[in-house]
Amino acid sequence: MTDRTKQLTAAGALCALAYAATAVGRVPMVLFLKYDPKDIVIALGGLTLGPPTAFAIALTVSLMEMLTISENGVLGLVMNILSSCSFACTASLLYQRRRTFSGAAAGLLCGWGCMVLTMLLWNYLAAPVYMGCSRQAVAALLLPAFLPFNLIKGGLNAAAALLLYRPLTAALRRFRP
């Protein structure tokens with residue numbers, strides 16, 4: 001099996017795992033916001049296979065989610081892609097520069113921060129459509145609702161990805177020729 005085939009197979013398996021995490025692991029939190037652990041899988045895919053793979057997994061899983069379990073249509077698709085990519089692609093881009101545990105930790109922390117800032121902006125822009133209310137009403141919810149949700153979501157995802165990083169890289173080293 002070629003390296004490219006192995007990468008495509010791994011990416012496909014990660015897509016399936018991330019989708020399963022979304023379908024089974026969704027937890028309603030506040031307003032219409034739901035936590036799901038798919039970004040853990042997407043970030044691990046990015047750390048092991050690179051930022052383009054993280055993007056491809058995020059795009060694929062978000063599309064599958066839109067077509068099956070999401071009620072938010074194309075706007076939800078865009079928000080999911082932005083959230084997942086701002087977290088996982090940022091983490092994997094930074095990890096590419098320093099492929100160590102501390103590099104993974106720094107990348108995941110930066111990805112967390114990037115995701116929080118990105119989603120605050122996009123919730124401000126898109127939530128009036130989701131919620132059917134004014135932008136001022138959404139602005140009033142940014143600090144008490146959207147910020148804590150995104151901090152919790154990003155923190156859980158970064159912590160879980162960091163906990164799984166070492167066992168995953170150790171397993172991958174054993175299977176490489």
Is any side-chain heavy atom of [X] less than 4.5 Å from a side-chain heavy atom of [Y]?
X: Val24; Y: Asp36; answer: no
X: Ile152; Y: Met29; answer: yes
X: Tyr130; Y: Met79; answer: yes
X: Asn80; Y: Lys38; answer: yes
X: Leu49; Y: Leu14; answer: yes

Open item on the list: Is it the case that the side chain of Thr90 and the backbone of Phe87 share a donor-acceptor pair, with hydrogens and angles ignored and the cut-off at 3.5 Å?
Closed with: no
- [ ] Measure from the side-chain N and O atoms of Arg135 to the backbone N and O of Tyr124, and report whether any donor-acceptor pair falls under 3.5 Å.
- [x] yes
How far apart are the closest heavy atoms of [X] and [Y], and which atoms are they?
X: Leu94; Y: Cys110; value: CD1-CB, 3.2 Å
X: Ile81; Y: Ala58; value: CG1-O, 4.3 Å
X: Asn72; Y: Ser70; value: N-OG, 3.1 Å
X: Cys133; Y: Val138; value: SG-CG2, 3.8 Å
X: Ala88; Y: Ala54; value: CB-CB, 4.2 Å
X: Leu31; Y: Ala145; value: CD1-CB, 4.1 Å

Hey, could you give me the [atom1]/[atom2] distance between [X] and [Y], rounded to the nearest 0.5 Å?
X: Gln136; Y: Leu141; atom1: CD; atom2: CG; value: 12.0 Å
X: Arg4; Y: Thr9; atom1: CZ; atom2: OG1; value: 10.5 Å
X: Asn150; Y: Asn123; atom1: CG; atom2: CG; value: 6.0 Å
X: Leu47; Y: Thr53; atom1: CG; atom2: OG1; value: 11.5 Å

Open item on the list: Taking the six-membered ring for Trp, are Tyr95 and Tyr165 closer than 6.0 Å centroid to centroid?
Closed with: yes
Task: Test side-chain hydrogen bond (donor to acceptor under 3.5 Å, both in side chains) applied to Ser84 - qualifying residues, sequence neighbours left out - done: Asp39
- [ ] Report the residues that fulfil side-chain hydrogen bond (donor to acceptor under 3.5 Å, both in side chains) with Asn157, sequence neighbours left out, ordered by chain and then residue number.
- [x] Tyr35
Any chance the side chains of [X] and [Y] put a donor and an acceptor closer than 3.5 Å?
X: Arg98; Y: Ser102; answer: yes
X: Ser83; Y: Lys153; answer: yes
X: Thr68; Y: Tyr19; answer: yes

Examine [X] and [Y] and state if one hydrophobic cluster contains both, with Ile, Leu, Val, Met, Phe, Trp and Tyr joined whenever side-chain heavy atoms are less than 4.5 Å apart.
X: Trp122; Y: Trp112; result: yes
X: Leu156; Y: Phe146; result: yes
X: Leu109; Y: Met115; result: yes
X: Leu163; Y: Leu44; result: no
X: Leu125; Y: Leu143; result: yes

- [ ] Please check if atom CZ in Phe55 has more than 12 non-hydrogen atoms from other residues, nucleotides or ligands closer than 6.0 Å.
- [x] no
TODO: Show the numbers, then the answer: is there a side-chain contact (heavy atoms from CB on, under 4.5 Å) between Arg26 and Glu65?
DONE: CA-CA 12 Å; Arg26 287 177 126 192; Glu65 183 179 351; 3.0 Å; yes
Open item on the list: Could you go through Met64 and Ile69, starting from their C-alpha distance and side-chain angles, then the distance that decides it, and tell me whether this counts as side-chain contact (heavy atoms from CB on, under 4.5 Å)?
Closed with: CA-CA 8 Å; Met64 290 176 5; Ile69 59 175; over 6 Å; no
Open item on the list: Set out, in order, the CA-CA distance, both residues' side-chain angles and the distance that settles side-chain contact (heavy atoms from CB on, under 4.5 Å) for Val41 and Ile57, then state yes or no.
Closed with: CA-CA 9 Å; Val41 178; Ile57 296 169; 5.6 Å; no
Open item on the list: With side-chain contact (heavy atoms from CB on, under 4.5 Å) as the criterion, how do Leu142 and Leu147 come out once you've worked through the C-alpha distance, each side chain's angles and the decisive distance to 0.1 Å?
Closed with: CA-CA 6 Å; Leu142 285 177; Leu147 178 62; over 6 Å; no
